[in-house]
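Structure first, commentary second.
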Protein chains: 2
Amino acid sequence: MRSYGQYCSIARALDVVGDRWTLLIVRELLLQDACRFTDLKNGLPGIAPNLLSTRLKELEAAGLITREDAPPPVATVLYRLSEAGLALEPALKALALWGLRFMADERPDDAFRASWLAYAPAWFTTDAEPDAPPAVIQLVASGESAVIELRGGEVQAHPGRATDPDLVLDGSPRAVLGLLNGLIDLETASRLGLSVSGRRELLSRLRPIAQNQPPASDA
Amino acid sequence: MRSYGQYCSIARALDVVGDRWTLLIVRELLLQDACRFTDLKNGLPGIAPNLLSTRLKELEAAGLITREDAPPPVATVLYRLSEAGLALEPALKALALWGLRFMADERPDDAFRASWLAYAPAWFTTDAEPDAPPAVIQLVASGESAVIELRGGEVQAHPGRATDPDLVLDGSPRAVLGLLNGLIDLETASRLGLSVSGRRELLSRLRPIAQNQPPASDA
DNA sequence: CCGGATCCCCAGGGATACTG
DNA sequence: CAGTATCCCTGGGGATCCGG
């Protein structure tokens, strides 16, 4: 990218990560740890392979990622965030939190991935009853699934399926994530086709940190 | 900007503010409050006026800024951040903090502005002796000047000159900001031409929140 | 002088095909 | 699987010009 030519830390940061796709590549590496080229391509629907290739070289040159040869069985290259790349997490989180406000409207053709289903609750919800016993919530949306684990006051989440979840949420990405992020209430989510089965009371334990509700019912 | 087409809050945030210059425009409005077109153009050295015009329209359409007619004496338009625009501050701060690591190297042709001199200490330093009496520090770099005020445990800063500062730092932007941000120590800053006059002990009161020092002397 | 609009040119990005 | 090569086209840089 062409430099902004400004002695300002924001401008210099954008000199490095301001290019198109760059921050999304960092997102993928942050959510998935070490990735092959194809994993990244898969997690970044819409990117052209030449662009991905170019960006990876730029990111390596800037010191944000490292290339390493994978162990023998799979002779391929793995990309991983360096310390400087990992240090972007707070900025990415802040941007993601701000971006929640744009998740309310539907865009049917948007791509969707399980890892994006997982990071939202992990980053933006807290356990309102930290001393309650552990619980497992299964999320399913658009064919992608993720698991939320409530344990010891922590909210963790990762892509995949749970064997015996206490609660299952299944619906459109907008319904599932909108509910978890506090953008819509349960009634609205149900109207959007959300299916809730299991211990519904667990929903009140999952507290979104954002207060982005449209001005409707105020407590 | 072309949408990324991903149902992910980071991607949707970048759909709105991922374009070139957009976040820097937000920076200016965040640092300077209401701005005229010309103020923005001045605070964004290098931007083409048509680009600025285009971005302002896009930002208004996205609901991040508002246009308002200024009071009669100056019949002009003022641009101001909306609530959604102001909500970007945490993300911008996080990005600015991350970007500090790229401020160490010199690029002589970089533009520099007083408001950038001011935001760094205001955002990224704390008063190590919050109960000590108030103090005023004058910063001068590259013809731009800003004032830091230590008072009641708060560190505030704004462009301009103080009438009777307790301490004056004068030098290259890299020397002044590098010292304040903890990127370089006083000795290095002095070698870079930093002039320090007044109550030097105030420097130890100004504590950078970042620990970006190159691996040298560890306490 | 302020607040843009217009024009031309080139670099950066998108899509697809192809190769080691 | 992991990229590279190619082509096309849009978006941005730079200068100049116009209306109020």
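Labels below follow one simple rule: chain letters A, B, ... track the order of the sequence lines, proteins then strands, and each chain is numbered from 1.
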Any side-chain heavy-atom pair of B:L180 and B:L139 under 4.5 Å: yes

Earlier contact from the 5' end, DNA chain C, for A:I47 and B:D39: B:D39

Closest to the A:P49 side chain, choosing from D:dT4, D:dC1, C:dG4: D:dT4

Short side-chain N/O contact from B:K41 to OP1 or OP2 of D:dG14, under 4.0 Å: no

Residues A:T188 and A:D185: side-chain donor-acceptor under 3.5 angstrom: yes

Rounded interatomic separation in angstrom, taking CG from B:L52 and C1' from D:dG13: 14 Å

Whole-Å gap separating P (C:dG4) and CG (B:L51): 14 Å

Nearest-angstrom distance from the residue atom CD of B:E58 to P of C:dG4: 14 Å

Nearest-angstrom distance from the residue atom CG of A:D15 to P of C:dG12: 13 Å

Heavy atoms from other residues, nucleotides or ligands near NZ of B:K41 exceed 12 (cutoff 6.0 Å): no

Candidate nucleotides C:dG14, D:dG13, D:dT4, ranked by approach to the side chain of B:R2 - the nearest: C:dG14

Value in whole Å for how far the P atom of C:dG4 lies from CG of B:L40: 10 Å

Any A:W21 side-chain N or O less than 4.0 Å from OP1/OP2 of C:dG12: no

Aromatic ring pairing B:F112/B:W116, orientation class (parallel under 30°, perpendicular over 60°, tilted between): perpendicular

Value rounded to 0.5 Å, distance of CZ in A:R20 from CZ in A:R55: 9.5 Å

Of A:K57 and B:T54, the one whose closest DNA chain D nucleotide lies more 5': A:K57

D:dC1 phosphate, OP1 or OP2, under 4.0 Å from A:T76 side-chain N/O: no

Value in whole Å for how far the P atom of D:dG3 lies from CD1 of A:I25: 12 Å

Proximity to the side chain of B:S53 - top-ranked nucleotide from C:dG4, D:dC1, C:dG13: C:dG4

A:Y79 side-chain N/O to D:dG3 phosphate OP1/OP2 under 4.0 Å: yes

Length of the CG-C1' vector between B:D19 and D:dG11, whole Å: 9 Å

Along DNA chain D (nearest heavy atom to each residue), the more 5'-positioned of A:N50 and A:F37: A:F37

Spacing of A:L56 atom CG relative to D:dC1 atom P, expressed in whole Å: 17 Å

Presence of B:R20 side-chain N/O under 4.0 Å of D:dG13 phosphate oxygens OP1/OP2: yes

